[in-house]
Structure formats: C-alpha cells, structure tokens
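Note on naming: letters A, B, ... go to the chains in the order of the sequence lines (proteins, then strands), and numbering restarts at 1 for each one. What's counted below: heavy atoms across the whole structure, side chains too, no hydrogens, waters or symmetry copies.
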Number of protein chains: 2
Amino acid sequence: MADVAREAGVSVATVSKVVNGRYGVSRATLEKVLGVIADLGYEASLGARSLRSLRTNVIGVLVAEFEPFSTELLKGVSDAIDSTGYELIAYSGRHHGETVGWERRSLVRLAGSVIDGAIVVTPTIVDAEIGGIPVVAVDPHTGPVDVPTVDADNYAGGVIATEYLLGLGHRRIAHLSGRPDLESARLRERGFREAMARAGVEVDERLVVVGGFRAESAEGPARELLSGPDRPTAVFAANDLSAIRTMEVARSLGLRIPEDLSIIGFDNVPESALATPPLTTIAQPLKAIGAAALQMLVTMLDGATPAPAHVRLPTTMVERASCRAL
Amino acid sequence: MADVAREAGVSVATVSKVVNGRYGVSRATLEKVLGVIADLGYEASLGARSLRSLRTNVIGVLVAEFEPFSTELLKGVSDAIDSTGYELIAYSGRHHGETVGWERRSLVRLAGSVIDGAIVVTPTIVDAEIGGIPVVAVDPHTGPVDVPTVDADNYAGGVIATEYLLGLGHRRIAHLSGRPDLESARLRERGFREAMARAGVEVDERLVVVGGFRAESAEGPARELLSGPDRPTAVFAANDLSAIRTMEVARSLGLRIPEDLSIIGFDNVPESALATPPLTTIAQPLKAIGAAALQMLVTMLDGATPAPAHVRLPTTMVERASCRAL
DNA sequence: CGACCGGTGGATAACGTTGTCCACCGCGCA
DNA sequence: TGCGCGGTGGACAACGTTATCCACCGGTCG
C-alpha cells in the first residue's frame, strides 16, 4: 500500500480510503490511485485488514469431510455468494483423529482473522457464536439448538416415501433406519411411523431395523430383513447408500426389483440414478439449503437476526424404477 | 495473548515463545502457560501472526469448482496433511463470471496473509510463484510449464486402454476424444494412436471424433460413430462421462453391451461402477496425486526444490463388464 | 573472590491496514 | 474584508503477534 501511495503521490491513508470506497476523496485522486493499483496489481493484505477492522469479507464453510453431500452443498453456497460481495473458503477441520472439539477449535482459529462468519456442516453442534463470529448450522444432527439452522424436511420426506409405498398397495413395509444418534435419521423414522399410523397400518416392529447410513453397516440388517420367513414387500431405506446395498442383497437372494421387492431411498445421491434399477428416492434440495444458509449468515453479518431462525426446506420425491404397485 | 500472559504472570513475549515452541523457557513456566492457554481456550490470531512472521502454516487448494474430480483430490490432500503440521483450506476462485485471471487474483489475495503455499487444480496455468508463495499445479492442461506439476500418466492410460481392446481381438476401435484444448485429452489420444501403431493396426480417421468431457457434448458424436455403415466393435472414450453416455446411445440404437459393442472409459468416477453394465475404465490415482502435490509443496516451503519437478503417477485399468473378447 | 556464562524472561519495534482526528484550502456569505 | 464551512488529504495510533535484542540471576571456573 505504501508503494501505491508513493507511486500515486498521495498518502497511505488516501489509498485506504480509495480501496474501501470511503467518502472524502476527489474524483481525480480516485482515478489516479485506482490506476496505480491496477498497474501494480496491488491486493490488500487480508491479515492486516482484519487485524485492524475486524472484517475480511470472507465467509467459511466448515465441513467434516469433503464428500458428495457437503460438496453439493458447497456448490449451492458458492453459486449464491456472487451476489453478496463476500468470498468463500471451505475448510475441513477433522484432523489428527480428534473426534471431538475440533469444530470449535477450527472455527476459533479462523474466526477473527480470516473469516467473518461460518456455515458449519458437521454432525455435532456448536454455539451460535464462536470466537465472536456468527454461525449457521446446516442439517444439525442433534435436535433443537440455539444456533440458526437450515435443513431439509426429513420428517415430511419420511411421510412422502411411506405414503408413496402405501399408495402402491404395499402394507408389509420395512424401514431400514439410519444412525439412531442423528436427528435426521430419527425424523425420517418418525415420518415413516406417522404415515403408517395415518393409513391405519400397524408397524411390524420386526421390520424396523437399524441400518446406519453406510453401505457396509446396512448389509447385515438388510439381509436379515429379507431372509426372514415373512419378508416385506417394500423397504424404505434411510438413505440411498443403504438402499442401493439393499438392492444388491436382494438380488443375491434371488429377489427381483421391483417385481419381488420395492425399494425407496433418501438423499438422491448421484449414484442412485445409475443404480440397477434406477432408485426411486427422496431428494434434499442441497443447493437451496446452501443458498439459504448463506442468506441467513449474511443477514446476521449485517447485524440483523434472521427470521425465522430455523429454515426447513421441502423434500421431494424422485420417481424412478425401483418401486412397483402391488 | 495479553490475557494469557496476565493470567500466567508472564509477559506476552514469553507466551509467544511457548506457543511457537521456541527455546529459552523453563519447564515450569512452559507448563504454567500451557495450562492457562488450555483454560482460556486461546487460539493465536492467524492474521496477526502472518503479518509479523510471514508464515501461517496454512496451505490452500485452489479449485475451479467443487466437482467429483477436485473433491477426490482434495480428500487425498486432506488425508496426507495430518503428518505435515500444516492446515488446509480449499478455495473456489471462479466468481462473477470472470473466466480469465481469477486464479492469479484469488491466489494473490490469500497469499501473504492467509496461506503459505498453494496447490492449484485449474485448467489454465499460472506462474511458479504468485504473490511470493510457492505453487504446485495438478493436472495442468496446457503442456509443459515451469511450475512443478503432478498429474496422471494420461498417455500410458491411453495405451493401456487401447492395448486391452486390441488384446481382446478388436481391430475396428473408435476413439471418442476429449476437449482438444486440454493436454490430458491430447495425451490420451496420443496413447491410443501409439498403441494402434505398435500393433500394426491402422487408425480409421472416421472413427476418431471429438466428444469432449461432458455427457451432453459426447452424445452427438457417439451417435454418429455408432450409426455409420461400418461401425466399430469397440470404443475408447476419453472419459467416463462420455463413455456412459455412449453406452446409453448404443442401447437406444438397439446395441447390446458388451455383446455388440465394447466400451472403455477413463477416470473411474464413482458412477462408472454403477453403470449398466459396470464400466471398464482407466483409473487415475486421485488421492495419490493430491498427496504427491502436497509433498512437493511442503518441500518447496522448506526452501528446497522438489525433485523431480514433474511427477507423473501411473494409471491403472479397472476391469468391469463393458468389454468382451471378439 | 571476581568475572564470565548459560539459562531465563521481558521490553520493544516492526508487520500492513483502517478509523479518527486534524489541517489546510478555496469559496461564499455577512 | 473576514469568517466560516464544505471538501479534501494526511498524521497517527491502534489491531495481535513475533524476532531481536537486552537484563537479570545463579552457578562455576580461574
């Protein structure tokens, strides 16, 4: 900045004013300084700026890991950020095998020097303010908290999936549930039970088993479910990964899909469209979730309180070929 | 830091020494200070630190966009970084529709205040040093440059794929090539031609068409290739996306795979395993590439020159079910 | 017994920016 | 003509950290 000032024949203070679009500088000086900045390719030091002004115009997205879910979300945030004037960095905090407290530590480190606010996409929840910066949580897995949140309507998704199967005439419907410690999984199961109850169909508890959210963890329970004496005609799996694995298990048991068994998943991951047969599933509007979270965070950065503090976006069904009418 | 110093009854200078593991602090003071730091949850301000010491211990990965390719690579870097003592941030630079120069601008902004070095995963290449920080390029698309680079052996991959098809007895082999402006695509085609020449099989130029790297761009050329009078018995597609679309086109033309047409792809994207039939393809060691790039960058950060300056990792074939012997 | 030396901790000056004053200059109005 | 005022630019002190000194203290060696 000193270089720019010298080259333009003004003081650093004036350059600072120009850079920050402050009032009190004549048009002639403004253009002169702007010209020099362009010539020299000057970029303000983020560190020094934040040190002084406590603002960096950068927001961070903290993810547990870079996988399809968080990546798609990131894309949503990335698309939406252009209009806000903020920059975006993504940050994966899990390190050194520490499993607890890393979110907080990661956030604190960047807060107050690199980022003005954060969107956290992690299972364990944090406070509404960490290191003095506002935080929005996406898909919080641990129930109601005081942090502003954005998530998909997992409950409604469970209802939609179940009602779809009921509408196709199925009555013996199994639910391969997700990780019981995660709120999203519990909500999907609640939706399932609610839809069954509303339709007056009793849930056979032997048909509700925990499958987790990974293919491997679902394999055993799926096999158990399908090799019993009185097997279901349809399965609502808590996510696509377990649904796809369930299809494979079914095939290995000689069951055809959807002729002998209907399966519906949750999440609409890219693979589900390519599975054999293509998987009918419930889609989460990941990009919209990312965009909404960003919007809330920007509101908070402007000093306002986002209303509502908890946004729940609708889930929709993607009908493919893994279910059939009974 | 002042708080910590007061609480521990020492000066800020001493706290700084403790934080940085500098010599000249007694064990007693060390532990005292460490204890207070833990109590207060103190985290050094990255901005201030870099302002003074020109080091942040953070390296950045600059990607054009968050898609499967860069995400997998990111995971490789992320896995490898634990042992280095550096932190990782990812950064997507494309903004506001600017298509040129954004890499440089993004890098300069973060350089010198946030990151100590960068791994760039972008098509257009940059200088070896930007804003004074070292840079490693991954999969540079524009041929030899003076930046240290890491990429997969696209040429050998082309050879392997073609020789595989030749070994299955195919002679009329088509190549659906990638974006001609990208070095990786040209190398894959070179590998194809070399393998054909070595086997003494002449390339029918009508069977070499540009398909690009996206499913949509490949559809037309694929259809043209397969509906001609003297259609090929095998297709080597420049990437999996175009290969999968080619399979769909083939099916729509009444061709069975692999009975009537063998297809091999490139990249081994997750979808390829789930395609119908599962796609035989050439895999790039994405995680290894990320890890190698990180290793080179760390070497450069230590002041050394990485040797060799260009690392080329081997591609391997993943044999699935989309090819058969003639 | 005195000087030196290793070991320890502190004072202090940067690093590059921004916000707050303050000074100056020319013009209009009393 | 003198005073005030708006418009412009600059001086200067922070922000939180680190590197470079420098001071002190106890012990040891000559």
Side-chain angles (χ1 to χ4, degrees), chain A residues 1-37 40-58 85 87 108-116 131-133, chain B residues 1-37 40-58 85 87 108-116 131-133:
Chain A
M1 189 178 247
D3 294 349
V4 174
R6 191 175 334 108
E7 189 75 18
V10 297
S11 73
V12 290
T14 305
V15 177
S16 174
K17 283 182 192 166
V18 170
V19 170
N20 292 64
R22 282 278 180 292
Y23 182 74
V25 43
S26 71
R27 171 166 296 274
T29 330
L30 183 90
E31 281 170 3
K32 172 87 185 164
V33 172
L34 249 26
V36 174
I37 286 180
L40 268 50
Y42 164 79
E43 279 281 348
S45 154
L46 222 47
R49 164 175 299 179
S50 89
L51 192 57
R52 178 63 176 127
S53 69
L54 307 179
R55 282 195 71 109
T56 60
N57 284 338
V58 175
E87 301 262 2
V108 170
R109 167 165 299 126
L110 266 58
S113 43
V114 180
I115 59 177
D116 287 345
I133 63 167
Chain B
M1 189 178 249
D3 293 350
V4 174
R6 193 176 330 111
E7 189 75 18
V10 297
S11 73
V12 290
T14 305
V15 177
S16 174
K17 284 181 191 168
V18 170
V19 170
N20 292 64
R22 284 276 179 293
Y23 182 75
V25 176
S26 71
R27 171 166 296 271
T29 331
L30 184 91
E31 281 170 4
K32 172 87 186 165
V33 172
L34 249 26
V36 174
I37 286 179
L40 267 51
Y42 164 80
E43 279 281 347
S45 155
L46 223 47
R49 163 174 300 180
S50 87
L51 193 57
R52 179 60 180 141
S53 69
L54 307 180
R55 283 194 68 110
T56 60
N57 282 338
V58 175
E87 300 262 3
V108 170
R109 167 164 299 126
L110 265 59
S113 42
V114 181
I115 59 177
D116 287 344
I133 63 167

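- A 4.5 Å side-chain heavy-atom check between B:D116 and B:I133 finds every atom pair outside the cut-off.
- End-to-end axis angle for the helix from C:dC1-D:dG30 to C:dA30-D:dT1, using five pairs per end and rounding to 10°, comes out at 60°.
- Not a single side chain to side chain donor-acceptor pair (under 3.5 Å) links B:S53 to another residue, sequence neighbours left out.
- Applying the salt bridge (charged side-chain N to carboxylate O under 4.0 Å, His left out) definition to pairs two or more places apart or across chains, none involves residues 9-19 of chain B.
- With sequence neighbours left out, B:E7 forms a side chain to side chain donor-acceptor pair (under 3.5 Å) with no residue at all.
- Checked against side chain to side chain contact (heavy atoms under 4.5 Å, CB included), B:L40 has the following partners two or more places apart in sequence or in another chain: B:D3, B:V4, B:V36.
- For B:A13, the side chain to side chain contact (heavy atoms under 4.5 Å, CB included) partners at least two apart in sequence or on another chain are B:S11.
- In this structure, B:R6 places its CZ atom 19 Å from P of C:dG9, rounding to the nearest Å.
- Taking atom CG of residue A:D3 and atom C1' of nucleotide C:dT17, one finds them 14 Å apart after rounding to whole Å.
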Practice item. Do nucleotides 6-18 of chain D as a string where each nucleotide becomes B, S or -: B if the base has a protein heavy atom under 4.0 Å, S if just the sugar-phosphate does, - if no protein is that close. Key: -SSBBB-BBBBBB
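- With sequence neighbours excluded, the residues satisfying salt bridge (charged side-chain N to carboxylate O under 4.0 Å, His left out) with B:R109 are A:E43, A:E87.
- Under the rule for a side chain to side chain contact (heavy atoms under 4.5 Å, CB included), the partners of B:R27 that lie at least two apart in sequence or sit in another chain are B:E31.
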